[in-house]
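Below, each value reflects all heavy atoms present in this structure, side chains not excepted, and no hydrogens, waters or symmetry copies. Counting convention: from 1, in listed order, for ligands and their atoms alike.
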Amino acid sequence: MYTNADSIKELLNSTKFAENIICLGSVDSTNSYLKNSYDVKDGTVVISEQQTGGRGRRGKTFLSPIGGIYMSLLYNTTPDKFDPGKITSCVALSVCKAIESVTALEPKIKWVNDVFLGDKKVCGILCEAVNDSQNNLKSVIIGIGLNVDDVVLGADLDDIATNLEKETGANVSKNMLVAEILNNLEKDLYTTNTPSFIEQLRTRYFILGKKIKVTTVSESYFATAVDIDSSCRLIVKRGERNIVISSAEVSISQ
Ligand code: BTN
């Protein structure tokens, strides 16, 4: 079942995201669509049935066949309003809570932008900053790619990715998922400075306490994931030292 703007609006408590919901059949990337559109209103949501040039973090491709939710929202903000470093974490939490309420599954987060079911990825998040002419943060484009229907992604990806239909054995409503994500986001974005926000993340970070491989732009090393701090940065123990990481790729080490 495809997404439908009117059906989503009926399920929304959110007013922020209710005004401009654009459902497309196909687009290169919903993030690029918002980035390249002139004069897009704050709170605009773009959803596409498929993407021909879906983008992931670190320049990777995000395979986006029909059967998933590929959505992006434009959120005008400034650093004094929201800590941009916490937005990705907040989106991951809002997506988890949406999956929990629509399916009763128990998703977990792989710091910082992946949502997992068991040991497989079900959702990826790509937040991109948009700056004004003075190079100050003006808005954030929040991109979410969620695997919903049980479609074949190909040998390499089927080993490491899953979808909601496979995990529940049932059809899952994309309209309900989109509406829940938007409802959660509108509330959760205002809670990122509270201890409860960090606590909700902590309970969903499955790497905490585990041996992980950390890959930064300059090096790779093994460490133990210890905790997250109040800015959602990952604290790892490398040898005898604790290191605080704001950006890196992490994976459970075998
Ligand atoms: C990742 O896993 O590295 C992040 C993937 C983010 C994919 C979403 S799908 C909607 C939006 N449009 C894109 O091109 N990317 C994001």
E19/K41 ion pair, N-O < 4.0 Å: no
Which segment of R58 sits under 4.0 Å of ligand 1 when only heavy atoms are counted: neither
Identity and separation of the nearest protein heavy atom to atom 5 (C) of ligand 1: F62 CD1, 3.4 Å
Which of the ligand 1 atoms, numbered from 1, are nearer than 4.0 Å to a heavy atom of T30: 10 (C), 11 (C), 12 (N)
Contact partition for I144 relative to ligand 1, non-hydrogen atoms under 4.0 Å: backbone
Ligand-residue contact atoms, ligand 1 with G54, heavy atoms, under 4.0 Å: 14 (O)
N135 and N131: side chain donor to acceptor below 3.5 Å: yes
Per-atom contacts of ligand 1 with G56, taking only distances under 4.0 Å to non-hydrogen atoms: 1 (C), 3 (O), 4 (C), 5 (C)
Identity of the nearest option to atom 8 (C) of ligand 1, non-hydrogen atoms only, from G145, G68, C127: G145
Electrostatic pair E199-R202, nearest N-O below 4.0 angstrom: yes
Ligand-residue contact atoms, ligand 1 with R57, heavy atoms, under 4.0 Å: 1 (C), 3 (O), 4 (C)
Minimum non-hydrogen distance to atom 1 (C) of ligand 1, winning option of M71, R55, K110, K121: K121
S26 and E49 side chains, donor-acceptor separation under 3.5 Å: no
Presence of salt bridge, D42 and K16, under 4.0 angstrom: yes
Proximal ligand 1 atoms for S72, defined as those under 4.0 Å from one of its heavy atoms: 11 (C)
K166 versus N147, side-chain donor and acceptor atoms under 3.5 Å: no
Donor-acceptor side-chain pairing of R57 and N113 below 3.5 angstrom: yes
Per-atom contacts of ligand 1 with L126, taking only distances under 4.0 Å to non-hydrogen atoms: 6 (C)
Which segment of Q51 sits under 4.0 Å of ligand 1 when only heavy atoms are counted: side chain
Atom CZ of R241: over 12 foreign heavy atoms under 6.0 Å: no
